[in-house]
Amino acid sequence: KERAGNQYQMYSNDIESDSLEKIKLENDLFKALKHGNEFVLHYQPKVDMRTGNVIGMESLIRWEHPIYGLLPPKTFIPLAEETGIIAALGEWVIRESCRQMKEWYDEGMTNFVISANLSPQQLNQKNLVSTVAEILEETEVPPALLELELTENLIIHNTERTLSTIHELKQLGINISIDDFGTGYSSLGYLKDFPVDTLKIDKSFIDDITTNSSNAAITDTIITLAKSLQLDVIAEGVETQEQAHHLSEKGCHLIQGFYFSPPIEASEFKKQVSTIQTK
Ligand code: C2E
Ligand code: CA
Ligand code: CA
Ligand code: CA
């Protein structure tokens, strides 16, 4: 009985354990990108607890595989990174995020910031900044409404080059968020050099925030740090009302997680926005 609901998980496991499948998947990945249409973005709302308003959404990629069905990013993003396909795939993600954003914008949803995940390798692409600039121009999305989420590890391990690229991205007028914040095992010194706007507290701290005093303390510290550096702070993976209220009381009012909504299709997103606001 578990199977029906668990197919998504089953396919992922199969793929990870079977190298023949992996080669085939790699082949499929090339094709899927070349012919387009097999990738889709789902959108997860970000909510401001103070107002109950949706303030933005994160775009999260899925692959509508003709045989395996809807595949989660962990089954193909690592492969896309290994094979270099991520450059083109990542560009598609930014372009599609902006295209969708512009559509919503024209429908009157003008107060949202859309966030796209950036793979470490994309940051090393020579043409990243000009590509982002082009996409913004082409889609006519106001740069201030685009955010790129970079993982903390990426920033730490790439300092010089990364720093100048991020400065150039910032000069386009877009926002930079540090994803999975707190998991990077690093000194926090880099924060003063990087022109970032937001810290996103990793889900691993949020999971047991109401029962684990260490994780509660780390979260508190991140919130305080963000405040003193005048950065926004958001928590990811918030699943319960207790977690959401705990965070909001500690001064982290921006919440993303299943508590409000899982990532959903674009058409669902528009409907959900109004119901979330009354939660
Ligand atoms: P992430 O950026 O940390 O994204 C958050 C992940 O947590 C998403 O998984 C989301 O569906 C899931 N999530 C959100 N709220 C909750 C919650 O309350 N509970 C639980 N259990 N999970 C929650 P998803 O969509 O499977 O994405 C996984 C990772 O794949 C992302 O982690 C990101 O690193 C990567 N990814 C997704 N889309 C893209 C993309 O377009 N480009 C790149 N380079 N990476 C992507
Ligand atoms: Ca993210
Ligand atoms: Ca994250
Ligand atoms: Ca995470």
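Please read these numbers as outputs of a predicted model, since none were measured by experiment. Ligands are counted one by one from 1 in listed order, and the atoms in each one are counted from 1 as well.
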Suppose I only count heavy atoms of Val238 and a 4.0 Å limit; which atoms of ligand 1 are within that range? 18 (O)
Decide if atom CD of Glu103 counts as having more than 12 heavy atoms of other residues, nucleotides or ligands within a radius under 6.0 Å. yes
So, do Phe39 and Phe76 have ring centers that fall under 6.0 Å from each other? yes
For Thr240, enumerate each residue passing the side-chain contact (heavy atoms from CB on, under 4.5 Å) test, keeping only those at least two apart in sequence or located in another chain. Glu242, Gln243
Any donor-acceptor pair under 3.5 Å linking the side chain of Asn212 with the backbone of Ser214? yes
Any heavy atom of Lys74 closer to ligand 1 than 4.0 angstrom? no
Arg62 side chain to His42 backbone, donor-acceptor under 3.5 Å: no
Which atoms of ligand 1 are found less than 4.0 Å from any heavy atom of Glu239? 17 (C), 18 (O), 19 (N), 20 (C), 21 (N)
Out of all atoms in ligand 1, which are within 4.0 Å of some heavy atom of Asp180? Include the element for each. 3 (O)
Going by distance only, is there an N or O of Tyr259 that falls short of 3.5 Å from an N or O of ligand 1? no
Quick one: angle Glu149 OE1 - the Ca ion (ligand 2) - Asn117 OD1, to the nearest 10°? 100°
More than 12 heavy atoms from other groups under 6.0 Å of CD on Glu239: yes
What I want to know is whether Glu58 and ligand 1 share at least one N or O pair that is separated by under 3.5 angstrom. yes
A student comparing Gly90, Ser59, Pro73 should find that the heavy atom closest to atom 35 (C) of ligand 1 comes from Pro73
Residues in salt bridge (Lys or Arg N to Asp or Glu O under 4.0 Å) with Glu81, at least two apart? none
Side-chain donor or acceptor of Asp197 paired with backbone N/O of Ile176 under 3.5 Å: yes
Closest to atom 38 (N) of ligand 1 (judged by heavy-atom distance), picking from Asp179, Ile61, Leu150, Thr240: Ile61
Record the part of Gln256 in heavy-atom contact with ligand 1 below 4.0 Å; permitted values are side chain, backbone, both and neither. neither
We want to know whether Ser115 and Lys200 form a side-chain donor-acceptor pair, criterion being a heavy-atom distance below 3.5 angstrom. no
Number the atoms of ligand 1 from 1 as they appear, then name those within less than 4.0 Å of a heavy atom of Lys203, with their elements. 19 (N), 20 (C), 21 (N), 22 (N)
Backbone N or O of Gly251 within a donor-acceptor pair of the Lys227 side chain at under 3.5 Å? yes
From Gln44, Glu96, Lys200 - option closest to atom 15 (N) of ligand 1 by heavy atom: Gln44
Hydrophobic clustering (ILVMFWY, side-chain heavy atoms < 4.5 Å, transitive) - are Met109 and Val47 grouped together? yes
Closest approach to the Ca ion (ligand 2) by Asp179, given as the N, O or S atom name: OD2
What atoms in ligand 1 come closer than 4.0 Å to a heavy atom of Gly257? 15 (N), 18 (O)
Does Val93 approach ligand 1 within less than 4.0 angstrom via side chain, backbone, both or neither, non-hydrogen atoms only? side chain
So, regarding Arg62 and ligand 1 (criterion: nitrogen or oxygen to nitrogen or oxygen, under 3.5 Å), is there a contact or not? yes
Can you find an N or O of Pro72 that's nearer than 3.5 Å to an N or O of ligand 1? no
Tell me the contacting part of Pro263 for ligand 1: side chain, backbone, both, or neither, using a 4.0 Å heavy-atom threshold, strictly below. side chain
Could you tell me, atom by atom, which parts of ligand 1 come under 4.0 Å of a heavy atom of Ser119? 44 (N)
Gly237 heavy atom under 4.0 Å from ligand 1: yes
Among the N/O/S atoms of Glu58, which is closest to the Ca ion (ligand 2)? Give the atom name. OE2
If you draw a 6.0 Å radius around CD in Glu107, do more than 12 non-hydrogen atoms from other residues or ligands fall strictly inside? yes
Inspect the surroundings of NZ in Lys102 and state if more than 12 heavy atoms from other residues, nucleotides or ligands are less than 6.0 Å away. yes
